[in-house]
Each structure stands twice: as structure tokens, then as C-alpha cells.
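Here is the structure we will look at, set down as C-alpha cells.
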Amino acid sequence: MTLEEIGAWKSFGGWQKVFRHQSNETGTAMEFSVFLPPAAERGPCPLLWYLSGLTCTWENVTAKGGFQRHAAEHGLIVVCPDTSPRGLDLEGEHDTYDFGSGAGFYLDATREPWSTNYRMESYVVAELPALVEASFPADTARQGIFGHSMGGHGALTLALKNPGTYESVSAFAPIASPMRCPWGEKALGGYLGPNRQGDRQTWRAHDTTALIEDGARVPEILVDQGTGDNFLAEQLKPELLEQACTKAAIPLTLRRQEGYDHSYYFIATFMGDHVAWHAERLAR
């Protein structure tokens with residue numbers, strides 16, 4: 001698979017780069033950013049994935065998240081994929097911000113017309129990691145994953161569904177239970193099928209709390225959640241994650257950050273904590 005470099009900037013002694021490639025999973029050209037720390041010039045480095053939220057691309061966190069300084073200090077490669085296929089113009093794809101373009105929800109759709117191209121789970125878990133491993137000095141035996149909002153949902157569910165792939169997982173303001181919030185009900189219904197009992201069972205494979213209830217496990221989880229987040233009560237519901245982890249005896253560090261909202265001001269404030277947390281676990 002051919003990589004086309006479309007941007008490169010020196011940053012904290014390393015390189016922040018952006019690439020484009022043709023994806024077999026989505027059937028479209030896809031872009032992603034990759035930060036290569038100075039340590040990458042000397043040999044393979046642990047790999048940290050960041051999954052973005054609704055309406056975002058790779059660019060939001062790359063430009064505003066402030067992870068480069070911390071990744072350079074800890075010697076981590078950071079890869080930021082896009083959030084959905086681009087350039088399809090399917091009927092209804094761009095009608096609302098919370099479904100379709102920019103809202104792939106990190107799952108493989110099974111419902112037409114989305115099932116052919118909206119295969120973000122396979123893209124993030126299989127296709128893109130193989131491309132990264134072949135193209136960069138990434139130690140894929142040491143991978144961590146984190147994300148924000150929809151991307152926090154993605155990080156948690158993908159880690160739970162792929163035991164042994166990710167050594168560490170964390171999230172900023174994740175959608176804790178898509179089955180029980182408007183964003184998730186819209187996305188899961190649209191991509192997987194309507195809100196019938198049988199389909200809701202299918203939905204469980206894409207809901208963090210349901211996965212934990214059904215036996216999926218990770219060693220531990222770090223979550224930061226702003227108390228001033230206007231999506232907190234209706235969409236995010238961290239208390240449901242807290243309850244599920246307590247029952248399953250999964251160590252959860254849920255930090256409720258007073259006054260912080262859902263923005264990248266919030267994410268950038270605590271980005272250093274998350275990068276350091278992953279670096280400690282990936283160094284074991």
C-alpha cells in the first residue's frame with residue numbers, strides 16, 4: 001500500500017507528519033497523522049493511538065491537543081486516524097453532524113448503504129496498524145489507545161474487544177453507553193439496524209458498559225470528565241461506566257475535573273497526564 005506524505009513539520013525534536021493512502025476497508029482515500037519522536041531515529045518506539053470525536057478529523061487533536069511535547073519526552077509514536085470515510089457523498093451522509101461523515105463510531109456497519117465503506121473498526125484495528133508497522137519504526141507489541149467523546153467510546157470498545165492488542169486504554173469524556181444515549185442510538189440504529197430487541201443485542205458489541213457486563217476485560221482504565229461538559233448528563237453518562245467497572249472489578253480512575261467542558265481546552269489541559277500514563281504502562 002502506497003503512502004503519500006502530504007505534510008511534515010519539525011516539532012519538539014521529532015516530526016509531525018500527515019499521510020494519505022488508499023484504503024481497502026473503506027474503499028476511499030484516507031488520511032492520518034503520525035508523530036515521530038526523536039527516539040524513533042534510534043529504533044522502534046511504543047505506539048499510541050488517538051481516536052477523535054464527532055465532526056473531527058485527524059487534524060483537531062494534531063493541531064490543538066498538544067501531545068507532541070509529551071510524546072517526544074516519553075518516546076512514543078502517536079497515530080491519529082480520521083473518523084469516517086471521505087468523499088462518498090452517500091444519500092443522507094452529510095445531513096447531520098452526529099451521523100455519517102465525521103461520525104463513523106469506530107464500527108463496521110452492516111446496514112446499507114453504509115456497510116460497503118463505513119468499516120472504521122476494521123480500518124483502525126487491522127488495516128492501518130499493518131500499514132504503520134510496515135512504514136514506521138513502531139513497536140506494535142507495545143500499543144496503547146485513547147480518544148475523546150466518540151473516540152473515547154472507540155478506544156474503550158476496541159480495547160475491550162481485542163484483548164492483548166492494547167496494553168493501555170484511556171479516554172477524555174467518552175460516550176460510556178451508546179445504547180442509552182441519543183448519539184449512540186442514532187448511530188447504532190443507522191449503521192447496524194433499528195431499535196428492536198435482536199438489534200439491541202448486536203448493539204452490545206459496540207457499548208463499553210455492555211461489553212464489560214458480558215465479560216470483556218482490560219487491566220485498568222483512566223478517564224477524565226469535565227463537570228462543565230454540556231453533554232455530560234444526556235450523552236456521556238460516566239456513572240454507567242463507573243457502575244460497570246465496579247461490578248467487574250476493573251480498576252477505573254475516573255477524574256471529574258471541575259468546570260471543564262467538552263472542548264480541546266479540556267483535552268489539552270490533561271493530555272500530558274494521559275500520555276505519561278500510557279508511557280508508564282507501555283514501558284513495562
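For the single chain, residues carry numbers from 1 onward in sequence order.
Residue pairs satisfying the salt bridge (charged side-chain N to carboxylate O under 4.0 Å, His left out) criterion with at least one member in residues 228-244, sequence neighbours excluded, are listed as follows: E242-R256.
A donor-acceptor pair shorter than 3.5 Å cannot be found between the side chains of Y118 and E25. For the residue pair Q257 and Q225, no side-chain donor N or O sits within less than 3.5 Å of a side-chain acceptor on the partner. Y97 and W183 form a side-chain donor-acceptor contact under 3.5 Å, judged by distance and modelled atom types alone. In summary, the side chains of S177 and D207 do present a donor paired with an acceptor at a separation below 3.5 Å, with no hydrogens or angles considered. Side-chain contact, E112 with S115: a donor N or O sits under 3.5 Å from an acceptor N or O. A side-chain N or O of E127 and one of S23 form a donor-acceptor pair less than 3.5 Å apart. No hydrogens or angles considered: a donor-acceptor pair under 3.5 Å links the side chains of S122 and D108.
Taking 4.5 Å as the limit, some side-chain heavy atom of V125 sits within range of a side-chain heavy atom of Y166. Side-chain contact check for I175 versus C181: some heavy-atom pair is nearer than 4.5 Å. Here the side chains of Q143 and L48 are not in contact, with every heavy-atom distance at 4.5 Å or above. At a threshold of 4.5 Å between non-hydrogen side-chain atoms, the residues T253 and V223 do not count as touching. Annotation: side chain of K161 is in contact with side chain of H206 (closest heavy-atom distance under 4.5 Å). In this structure the side chain of L188 reaches within 4.5 angstrom of the side chain of L107, judged on heavy atoms. Side-chain contact between F270 and V275 is absent, with no heavy atoms from C-beta onward closer than 4.5 Å. Y191 has its side chain out of reach of T110: every pair of non-hydrogen atoms, C-beta onward, lies at least 4.5 Å apart.
A continuous path of Ile, Leu, Val, Met, Phe, Trp and Tyr side chains, each step under 4.5 Å between heavy atoms, connects I77 with W49, placing both in one hydrophobic cluster.
Between the S170 side chain and the F146 main chain, no donor and acceptor come within less than 3.5 Å of each other. Between the side chain of Q68 and the main chain of T62, a donor-acceptor pair closer than 3.5 Å is present. A distance-only check finds no donor-acceptor pair linking the side chain of N60 to the backbone of C56 [under 3.5 Å]. The main-chain N or O of G104 is never found under 3.5 Å from a side-chain atom of S84 such that the two would form a donor-acceptor pair. Between the side chain of T57 and the backbone N or O of E59 there is at least one donor-acceptor pair closer than 3.5 Å. Here the side chain of S135 pairs no donor or acceptor atom with the backbone of V132 at under 3.5 angstrom.
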Requested in this report: Determine, step by step, whether F231 and D261 satisfy the side-chain contact (heavy atoms from CB on, under 4.5 Å) criterion, reporting the C-alpha distance in whole Å, the side-chain angles of both residues, the deciding distance to 0.1 Å, and the verdict.
Outcome: CA-CA 9 Å; F231 301 115; D261 63 7; over 6 Å; no

Requested in this report: Just do the salt bridge (Lys or Arg N to Asp or Glu O under 4.0 Å) check on R255 and D273 with the steps written out, would you?
Outcome: CA-CA 11 Å; R255 309 193 305 183; D273 292 352; 2.9 Å; yes

Query - Pair F19-F136, ring-ring contact (aromatic ring centres under 6.0 Å, His included): steps then yes or no - result: CA-CA 12 Å; F19 293 90; F136 306 104; 5.3 Å; yes

Query raised in the report: After noting the C-alpha distance and the side-chain angles of T26 and L88, does the key distance pass the side-chain contact (heavy atoms from CB on, under 4.5 Å) rule?
Result: CA-CA 10 Å; T26 69; L88 294 168; over 6 Å; no

Query raised in the report: How far apart are the C-alpha atoms of L51 and Y106, what are their side-chain angles, what is the distance that settles it, and do they pass the side-chain contact (heavy atoms from CB on, under 4.5 Å) test?
Result: CA-CA 9 Å; L51 305 184; Y106 304 102; 3.7 Å; yes

**Report entry** Verdict with reasoning, H278 to I145, per side-chain contact (heavy atoms from CB on, under 4.5 Å)
**Finding:** CA-CA 8 Å; H278 285 277; I145 190 167; 5.8 Å; no

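Interatomic distance, L160 CG to L211 CG, rounded to the nearest 0.5 Å: 5.5 Å. Note that the CD1 atom of I212 and the SG atom of C245 stand 4.0 Å from one another [nearest 0.5 Å]. One distance of note links CG of D224 with CZ of F266; it measures 5.0 Å at 0.5 Å rounding. A distance of 8.5 Å separates CD in Q235 from CG in L54, rounded to the nearest 0.5 Å. Taken from CD1 in I267 to CZ in F67, the straight-line distance is 11.5 Å, to the nearest 0.5 Å. Between the CG atom of L90 and the CG atom of D95 there is a distance of 11.0 Å, given to the nearest 0.5 Å.
Taking the six-membered ring where tryptophan is involved, the planes of Y264 and Y50 are tilted, since the angle between them lies from 30° to 60°.
Under the 4.0 Å criterion applied to side-chain N and carboxylate O atoms, K17 and E5 are assigned as salt-bridge partners. Of the charged side-chain nitrogens involved, none lies within less than 4.0 Å of a carboxylate oxygen, so that E213 and K247 do not count as a salt-bridged pair. In this structure, R142 pairs ionically with D139, as a charged nitrogen and a carboxylate oxygen lie closer than 4.0 Å. By the 4.0 Å N-to-carboxylate-O rule, R20 lies close enough to E31 to be salt-bridged with it.
Across M30, E133, M120, H21, a single residue satisfies side chain to side chain contact (heavy atoms under 4.5 Å, CB included) together with L128, and that is H21. Just one of H274, H148, H153, H262 meets the ring-ring contact (aromatic ring centres under 6.0 Å, His included) condition when paired with F172; it is H274. With respect to S168, the side chain to side chain contact (heavy atoms under 4.5 Å, CB included) criterion is satisfied by exactly one of R281, E220, R284: R281.
Within a 6.0 Å sphere centred on CZ of R69, heavy atoms belonging to other residues, nucleotides or ligands number 12 at most.
Scanning both residues, A138 and P44, for their nearest heavy atoms gives C-CB, 4.4 Å. Nearest heavy atoms, L192 versus A109: CD2-CA, 4.4 Å. When all heavy atoms are compared, the tightest approach of P238 to L232 is CD-CD1, 3.5 Å. Of all the heavy atoms in L241 and A176, the pair that sits closest is CB-CB, 3.9 Å. Of all heavy-atom pairs between R111 and G189, the closest is NH1-O, 3.2 Å. Nearest heavy atom pair, residue M179 against residue E185, reads O-OE2, 3.4 Å.
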